[in-house]
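For reference, the structure discussed in these notes is given below.
Read the numbers this way: they start at 1 and go in the same order the structure lists the ligands and their atoms. Since the structure is predicted, the reported quantities are computational estimates derived from the model, not experimental observations.
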Amino acid sequence: MNLNELTIKKAHKLLVNKEITAVELAEAAFDRIKKREKDIHAFLAVTEKEARGQAEKVDEKILQGLPIPFLAGIPAAVKDNILIGGVQATAASKILDGYRAPYDATIINRLKEQGAVFVGKTNLDEFAMGSSTENSAYGATKNPINTDYVPGGSSGGSAAAVAAGECVYALGSDTGGSIRQPASFCGIVGFKPTYGAVSRHGLIAMASSLDQIGPLTQSVEDAMVVFEAIRGEDHFDSTSVNFDWRGENQNFDIEEIKIGVPREYFAQGIDPVVEQTVKKAIKKLESEGARVKEITLPHTQWALATYYIIMPAEVSANLARFDGIRYGYSEIRNPKSEIRNLLDVYLKSRQNGFGDEVRRRIMLGTYILSAGYYDAYYGRAQKVRRLIQEDFSNAFKDVDIIVTPTSPTTAFKFGEKTKDPLSMYLADIYTVSANLAGVPAVSVPAGPVRSSPPLGPSGAQSAGATSNGAGLVNDLPVGLQFIGKNFDDMRVLEIAKFWELIRDEKTH
Ligand code: GLN
C-alpha cells in the first residue's frame, strides 16, 4: 500500500468497503516511515502505540457497521508546535526538550472526535522561524523529491512527510508562508485559512496576529476535508470567528471568475523557471474561460519589511514565557552550570536553550518595542500593515481571486542561505502579505507533479535524476498561489481544485 497514491477520500472509501483496515493503513505509514526516515528526517517523534490504539477504535466502529467521518482512520502527521496531550511538543527547540503537552490543541480535539490517527510529530524550523527547516535544533529535514535540496519551511517536516507518503495529510502553521512555501517546494498542496477561521488554541505561538493552522495534503479536495474538520469558533481563542460556512461550497463557473495578476509579484528576483511556469498556468486558466487582468497591490514592496518588524515584536513577547523554570530545558538541571542567582537561570537557560535565529528575532523584537523606537518601527509597521490590507480589499472590489507564484524560487540547496538571513527572508516575499492582511491563500503545484520517487533496494532514494513517466526529469516543483478575500476560503479552494483538474488533464 503506497500512501502517496491515496487521498483522504480514496482511503475513506477503502475503509468503508472493508478493503483495508485502519490498522493496516497505519502500518503502511509506519513501513514507509521506517524506509524513508533515515534519508528524510521528517519526524521528531513517531507515535506508533497511540496511532495503533486510535486505528483499532475506528476498525471496531466499522465492524459494528457504524458510519465513520472522512478523517476516521486516516494517518496524519502534526507539526511539533501543535499540542497533542501526553505527546512531546518541542517546536524543534532545545528549550522544550523533554516537554510533554498537558492537553490537546482544539484542532487536535476536533480531529480526535472524527477518529483521526496521528502517526507522529514533524520537524520544523525552531519555533517556526525559517524557510528551510535548517533552523531545527534536531537536524534538518530533506526534500523527498531530491534529498540534496531543502523541503522549505518552517513546516518542512509536514510537507516532506506528505510528499514521501509517510502519512496521508499533515498539519502545519503559517505565520508568513510556512505552510505554502514548503508545500510548493515539495510539490504538494498547502492551505493557510483566513485569520480567525481556525482556532490557535494549543499552537505554540510565534506571532499571534499572523499565525494560522492549516493542512498540507496531496490534493485540494483533501485540504477542503481537513479544513472543514478543524475550522470554527473556539472559546479558548478569542480571535476565532463564528462564521456561517453553509452555502460556501457552491460550484462556480470558470467563465465568471475574474483573476487578478499583481504586477509587483513578477518583479526583480524571480527565477525565470518559476515565472514561466506560473505564467503558463495563468494562460491555461484563461484559455478555460477565466477573465485575467493585471492588477496592482501597490504596497507589496513594503510587505517583507513590515512582516520582519511586526513578527519579531510579537515573537519577543510570546517567547518571554520560556524562562528556564516553567517548561523543558533549564540551567538548574545542568550540573556544569555556574548559575549564582535567579537572573542567571533566566539568562543562561535562554542563551543555551534557544538557537541563533530565535535569539536574533527576540533581540530585534525587544528593540523594536522599546520606548524610544516603538513609534518609529512598530507603530509605523502597523500603519503599513493597514495599507497592505487595503491593497487587498481594493483589489477584491474588482477581481475574485489573485494568482501569484508561491515562492520566487524552487527548492534551494542546504546551506545556500543559512549564512545570510536576509536572503532566507526573501524566500517569503510572496507569502507574507496574506498573513499581514489575514486573507486565505493556498499553494498548489503549478506544473505536473511527479509521483513519489522510486525507492532503491535499501529503500533509499537516489539523489540523481528520476522520472515519473510523465516526462519530468529532475524537476523541482513550482507552486501556484491563489489568494482570496476574507472568509472566501472555500471559493479559493474550489478554484484551486479546478486548476488541479485542468493541470492534470493536460499531462495525461
Ligand atoms: N519563513 C517565515 C519566517 O521565517 C515564515 C515562518 C512561518 O510562517 N512560520 O518567519
List of N/O pairs, ligand 1 versus protein, all under 3.5 Å?
unit_1	atom_1	unit_2	atom_2	d
ligand 1	1 (N)	Gly130	O	2.9
ligand 1	1 (N)	Ser131	OG	2.8
ligand 1	1 (N)	Asp428	OD1	3.0
ligand 1	1 (N)	Asp428	OD2	3.0
ligand 1	4 (O)	Gly130	N	2.9
ligand 1	4 (O)	Tyr308	OH	3.4
ligand 1	4 (O)	Arg361	NH1	3.3
ligand 1	4 (O)	Arg361	NH2	2.8
ligand 1	8 (O)	Thr175	N	2.7
ligand 1	8 (O)	Gly176	N	2.6
ligand 1	8 (O)	Gly177	N	3.3
ligand 1	8 (O)	Ser178	N	3.0
ligand 1	8 (O)	Ser178	OG	2.7
ligand 1	9 (N)	Ala128	O	2.8
ligand 1	9 (N)	Thr175	OG1	3.4
ligand 1	9 (N)	Ser178	OG	2.7
ligand 1	10 (O)	Tyr307	OH	2.7
ligand 1	10 (O)	Arg361	NH1	2.8

Residues Glu294, Arg263; criterion salt bridge (Lys or Arg N to Asp or Glu O under 4.0 Å); working and verdict: CA-CA 6 Å; Glu294 189 182 83; Arg263 72 169 79 100; 2.8 Å; yes
Heavy-atom closest pair, residues Gly187 and Pro445: O-CG, 3.4 Å
Presence of salt bridge, Arg491 and Asp400, under 4.0 angstrom: yes
Salt bridge present between Asp97 and Lys94 (N-O < 4.0 angstrom): no
Main-chain N/O of Ser443 paired to Ser184 side chain as donor or acceptor, under 3.5 Å: no
Lys192 and Asp174: CA distance, side-chain angles, deciding distance, salt bridge (Lys or Arg N to Asp or Glu O under 4.0 Å) verdict: CA-CA 6 Å; Lys192 179 202 94 69; Asp174 191 312; over 6 Å; no
